[in-house]
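Only heavy atoms go into these numbers, but all of them, side chains included; no hydrogens, no water, no symmetry mates.
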2 protein chains.
Amino acid sequence: MYDPMARAAARLREAELRVTVQRMAVLTAIEELGGHPDAEAVRGRAQEVTGGLSLQATYNVLRVLTEVGLVRCTQITGQQARYEAERHNNHHHFVCRFCGDIIDVDCVIGEAPCLVADLPESYRVDEAAVTFWGACPRCAPAEHG
Amino acid sequence: MYDPMARAAARLREAELRVTVQRMAVLTAIEELGGHPDAEAVRGRAQEVTGGLSLQATYNVLRVLTEVGLVRCTQITGQQARYEAERHNNHHHFVCRFCGDIIDVDCVIGEAPCLVADLPESYRVDEAAVTFWGACPRCAPAEHG
DNA sequence: CTATTGTCTTGAATGACTCAAGACACTAGA
DNA sequence: TCTAGTGTCTTGAGTCATTCAAGACAATAG
């Protein structure tokens, strides 16, 4: 039993960031929510702790947390940016075309960039982002065509 | 030597779409522009033919052309939607983190979905979209860090 | 040629996100 | 502990790609 906020504070300090309730709340929210919440969802959860948290602050905090590598930001075509706690396991995403749900897919190849692009050597590739598109188990049966 | 507009008209008819100058202009524009133009760029080129083409019409046309498979729409994180003539060769994209330039990368694996996701069988995967991120030859030398 | 239906234009709206300015809070140093 | 200094938060307005809505217009079938 340990205080998640205290833990968040420690991680912020480790990253050489100022420790504020808003940052602790956002970081804790992302870790406790799990999945791939968007900024609004993160804000909602964080507000339960802080009592109030502006959307602007949510975006600010999400950005700095992403910059220092505590949070990973994923932008799926046609959706808002989504956030998840960075666990430093290279993984990709499956996105359901129907409900928009996102789930993690372990990278079976290894570290980034896990794929090799057929490009001239003058191109420097540092990441291969793979998004699998399809139908999730809930939507697949309902899909016609 | 053949009229590109007549060719466009034929392809529209083939797709069972009404043939309008706007549609011919947009389809021709995409094919002649090459690369990965956004809606505004497509509109600009198409206007040279039609004299006038509303942005709304551009979006409408791009959508229907995408739906019938004459055009492929690619949405890269942090950029507007981009369009290209569908050539039915499964390929992916390289995106330069610095200048935003997009270039095609042939898929070395084969037909979609070219990768297999480590997912339960109940998930139906029909596409694996790969985006390679890095620095293009023009930006790589200037990059510090 | 005309009716019907789909498409285009115009103008307003949406939604995610960002900018800006002032109020406020965190950290370091006295 | 107090205070200066700077970074962060709040509020409110702004941006930008894209979409909605309504009426004018054009393409196709008969």
Original post:
Looking across every strand, which nucleic acid part, if any, lies under 4.0 Å from L53(A) by heavy atom: base, sugar-phosphate, or nothing?
Top reply: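 Sugar-phosphate contact only - L53(A) comes under 4.0 Å of backbone atoms but never of a base.
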**OP:** Indicate, with a heavy-atom threshold strictly under 4.0 Å, whether T20(A) touches base, sugar-phosphate, or nothing.
**Re:**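 Answer is sugar-phosphate: T20(A) comes under 4.0 Å of backbone atoms only.
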Could you state the atom-to-atom distance from [atom1] of [X] to [atom2] of [N] in whole Å?
{"X": "R82(B)", "N": "dA17(D)", "atom1": "CZ", "atom2": "P", "answer": "11 Å"}
{"X": "Q75(A)", "N": "dT18(C)", "atom1": "CD", "atom2": "P", "answer": "9 Å"}
{"X": "D38(A)", "N": "dA16(C)", "atom1": "CG", "atom2": "P", "answer": "8 Å"}
{"X": "R43(A)", "N": "dC17(C)", "atom1": "CZ", "atom2": "C1'", "answer": "13 Å"}
{"X": "L65(A)", "N": "dT8(D)", "atom1": "CG", "atom2": "P", "answer": "11 Å"}
{"X": "R18(B)", "N": "dT5(C)", "atom1": "CZ", "atom2": "C1'", "answer": "5 Å"}
{"X": "L62(A)", "N": "dT8(D)", "atom1": "CG", "atom2": "C1'", "answer": "15 Å"}
{"X": "Q80(A)", "N": "dT18(C)", "atom1": "CD", "atom2": "P", "answer": "13 Å"}

Original post:
Counting only side-chain N and O atoms of Y59(B), is one of them less than 4.0 Å from OP1 or OP2 of dT19(D)?
Top reply: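 Checking dT19(D) against Y59(B), no side-chain N or O comes under 4.0 Å of OP1 or OP2.
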Original post:
Does R63(A) put a side-chain nitrogen or oxygen below 4.0 Å from OP1 or OP2 of dT18(C)?
Top reply: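 For R63(A), the contact criterion (side-chain N or O under 4.0 Å from OP1 or OP2 of dT18(C)) is met.
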Original post:
Taking N and O atoms by type only, does the side chain of R23(B) place a donor or acceptor under 3.5 Å from a partner on the base of dT7(C)?
Top reply: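 Such a pair does not exist between side chain and base.
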Subject >> Heavy-atom donor-acceptor pair, T77(B) side chain to Q75(A) backbone, under 3.5 Å >> reply: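 Side chain of T77(B) to backbone of Q75(A), a donor-acceptor pair under 3.5 Å: yes, one is there.
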Subject >> Check: I30(A) main-chain N/O paired with R45(A) side-chain donor or acceptor under 3.5 Å >> reply: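 Side chain of R45(A) to backbone of I30(A): no pair is present.
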**OP:** Heavy atoms only: give me the nearest M24(A)-A9(A) pair and the separation to one decimal.
**Re:**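 Where M24(A) meets A9(A) most closely, the heavy atoms are SD-CB, 3.6 Å.
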Subject >> Closest approach of A140(A) to S122(B) (non-hydrogen atoms, all atoms of both residues) >> reply: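 Answer, listing the atom of A140(A) first, then S122(B): CB-O, 4.5 Å.
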Original post:
Where the side chain of R13(B) is defined as all heavy atoms beyond and including C-beta, which of dT28(D), dT18(D), dC8(C) is the nearest nucleotide?
Top reply: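 Looking only at heavy atoms from C-beta outward on R13(B), the closest nucleotide is dT28(D).
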Original post:
Picking from dC17(C), dT18(D), dC9(D), which would you name as closest to the side chain of A39(A)?
Top reply: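 The answer is dC17(C).
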Subject >> Polar contact flag, side-chain donor to acceptor under 3.5 angstrom, E84(A)-H91(A) >> reply: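 Short answer, yes.
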Original post:
When the nearest nucleotide of DNA chain D is assigned to L55(B) and to V21(A) on a heavy-atom basis, which residue is associated with the more 5' position?
Top reply: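 That would be V21(A).
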Original post:
Considering heavy-atom distances to DNA chain D, does A81(B) or T58(A) have its closest nucleotide positioned more toward the 5' end?
Top reply: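 Checking each residue's closest nucleotide, the 5'-ward one belongs to T58(A).
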